[in-house]
Amino acid sequence: MKRRTMLRGLVGVAALGSAGTAIHRISGAGAGASGLSVTVLLDEPIGTIRPAIYSQFAEHIGGVIYDGIWVGADSKVPNIGGFRKALVEHVKRLGKVVVRWPGGCFADRYHWRDGIGPVASRPRRFGRWREVTEPNTFGTHEFIRFCRLCDVEPYLAANVGTGSPEEYQQWVEYCNAPAGSTTLADERAANGEREPLGIRYWGVGNESWGCGGKFTPEDYCREYRKFTEWLPVYGVQLYLIAAGPNSNDLDWTRRFFTKWADGARAPIRGWAPHYYCGTTGHALKFTTDQWYEQLYKANQMETLIRDQWAVLGLFDPAHNIKLVVDEWGSWHPAGTEINPAHLFEQMGTLRDALAAALTLDTFNRHADKVDMANIAQLVNNLHSLFLADGDRFVATPNFHVFEMYRPHHGARSVRIDVHAPEVAFGPGKWPKRIFRIAGSASRTGQRELTLTLVHTHATDPAEVSILLRGGSAREVRRTVLTHKELNAHNTFEQPETVVPSSTPTDLRGPELHCVLAPASVTRLDVTLE
Ligand code: AHR
């Protein structure tokens, strides 16, 4: 798709709000001649960015587990004990993230016992998604082995839809009971894991307003209480996650927590809204207006975080409960599957990479509120980082964004203040507007600063002044992900169409003049004086 010039006009103030967020204005103190500036407030910390914000989700659906992750030890596809080798090697590059399993909707009809013991005697079941048979070849032990291979942390989602509190509590016991302490611990040992698995992230149901049981918030809260009472702890600080609303449904959150607060408050560490920004057009075919509209929709994560946090604060003023956005991403119409058996598989373009980057920047800016977020899904599904089919494997542009953002992991998020005219888009007399530049910044130690910026303009570069308030740059390295085609994507045949490129720069001092390419994600690695 060819780009066409799109900037229909400049608009005025669009302040997004209080400390910790980008504010987009037409101009202001410190803005350069172009009127575009990003001020990094080096001494205004927000919070530590948990690597778990960069987490993943892997469900038994379509080609995620079978073909994506698991190819089998006898496969011709290069594998490590049955796990796709190329995937393992790439997931390792994502850092110390978390992977959520086994669903999704699948989790709410899954019995963990189906996936343990000798593979040949595991039951075959109706697979929840389409009328496929779930062979249960991949179960708890396989998932844990995958996590170990990739050096990531497991997050298990329990079945509230068709399961029982007893079943859930026994899964926790099976995983975490000390060696030899109970019959379930012995069974685990017989299945190859003598020592406890030490799993701390536990979800209680999934989308309980929908496929997870179609509960009212009050009914789900009653279930949540039953599921989390008498959970065996075994010295592990369990991090319990309650299923949150569909997108930013504030009524669901208010009603759940009103019920939660009407008696004994069940333990909750994470509140899990799901936000899919959907689609505009099609995965590969979209107009420039649809480019902007998709990014606009992705950017609603900002509002969701602020609103959900505000409601949580009414019931939990100390904010012990954090946000866990354990499903998010684009969701395009069917038609770009590389394998028709891979339900919800879609190609990811530069547009999806920008949607991912601006969402990750949003999480970074709210590092004090968001403990974890899991893009949906890791491989062969919606907003995937990877596509795989038989012996073919490719990293999508999303993967490169996740890798580019790795220096933010564990760093201290600091405020930025963006002054930039918005971009107007859409037909009609009253076009919509989207930020032109947004981003996030974080510090590691005293000297290292990482600044990531998303530039949404489809056609024009942006000259930006980057003002380091409270510091000065000694050395700056720049990494850019962009392409001249908005729908550029990586394929098995051309896997490096959209990849980042890094260059040293001669930028120095307290004010850095930088040109952002159109439709780009930029990372600046700044060593401070
Ligand atoms: O990610 C695909 C599905 O989307 C998940 O199973 C469900 O939780 C959501 O609706």
Side-chain angles (χ1 to χ4, degrees), residues 55-69 98-111 125-132 134 138 143 155-163 201-215 217 220 223-224 241-249 252 270-279 283 297-298 300-301 304 323-337 339 341-348 352 355-356 359 372-387 396 398:
S55 291
Q56 304 294 320
F57 169 37
E59 178 172 12
H60 287 242
I61 181 174
V64 178
I65 302 293
Y66 303 111
D67 205 6
I69 295 177
V98 175
V99 180
R100 175 176 181 246
W101 174 84
C105 296
F106 181 87
D108 272 303
R109 72 167 312 282
Y110 178 69
H111 198 308
R125 305 277 187 208
F126 170 71
R128 169 66 183 83
W129 287 106
R130 284 190 179 155
E131 305 219 340
V132 293
E134 167 57 52
F138 191 98
F143 177 59
Y155 162 9
L156 300 186
N159 178 354
V160 173
T162 64
Y201 291 116
W202 290 91
V204 183
N206 167 76
E207 298 193 352
S208 301
W209 38 266
C211 65
K214 296 202 172 46
F215 292 109
Y220 171 60
E223 293 300 308
Y224 186 91
I241 298 164
N246 182 10
S247 302
N248 191 15
D249 180 349
W252 172 274
W271 178 243
H274 286 178
Y275 178 57
Y276 287 98
C277 62
T279 188
K297 293 199 313 181
Q300 298 316 300
M301 187 69 86
L304 180 149
L323 292 169
V324 169
V325 187
D326 59 15
E327 287 184 34
W328 65 270
S330 303
W331 194 321
H332 299 301
T336 59
E337 300 81 0
N339 179 330
H342 293 176
L343 181 66
F344 298 157
E345 184 170 71
Q346 61 190 34
M347 301 297 277
D352 298 298
T359 305
M372 192 198 302
N374 309 64
I375 191 168
Q377 301 194 13
L378 177 68
V379 53
N380 288 348
N381 202 255
L382 300 168
H383 203 149
S384 289
L385 279 67
F386 311 103
L387 295 173
T396 69
N398 289 328

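In this chain, residues are counted from 1 in sequence order. Every number for a ligand or one of its atoms is a count from 1 in the order of the listing.
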**Study point:** Tyr155 side chain to Asp326 side chain, donor-acceptor N/O pair below 3.5 angstrom
**Key:** yes
Practice item. For the pair His332 and Asp352, evaluate side chain to side chain contact (heavy atoms under 4.5 Å, CB included) and give the outcome as yes or no after the intermediate values. Key: CA-CA 10 Å; His332 299 301; Asp352 298 298; 2.9 Å; yes
Point to revise | ring-ring contact (aromatic ring centres under 6.0 Å, His included) between Trp331 and His383, intermediate numbers included | key: CA-CA 7 Å; Trp331 194 321; His383 203 149; over 10 Å; no
Study note, to complete from the structure: Chain-and-number sorted residues having a heavy-atom contact under 4.0 Å with ligand 1 are Phe57, Glu59, Gly104, Cys105, Trp129, Asn206, Glu207, Tyr276, Glu327, Trp331, Gln377, Leu382
Exercise for review: Might you work through the side chain to side chain contact (heavy atoms under 4.5 Å, CB included) test for Gln56 and Val379, ending with a clear yes or no?
Suggested key: CA-CA 9 Å; Gln56 304 294 320; Val379 53; over 6 Å; no
Check your understanding: Can you check whether Cys277's main-chain N or O pairs, donor with acceptor, with Gln300's side chain at less than 3.5 Å?
Key -> no
Check your understanding: Does any N or O in the side chain of Tyr220 come within less than 3.5 Å of the main-chain N or O of Ala243, such that one atom is a donor and the other an acceptor?
Key -> yes
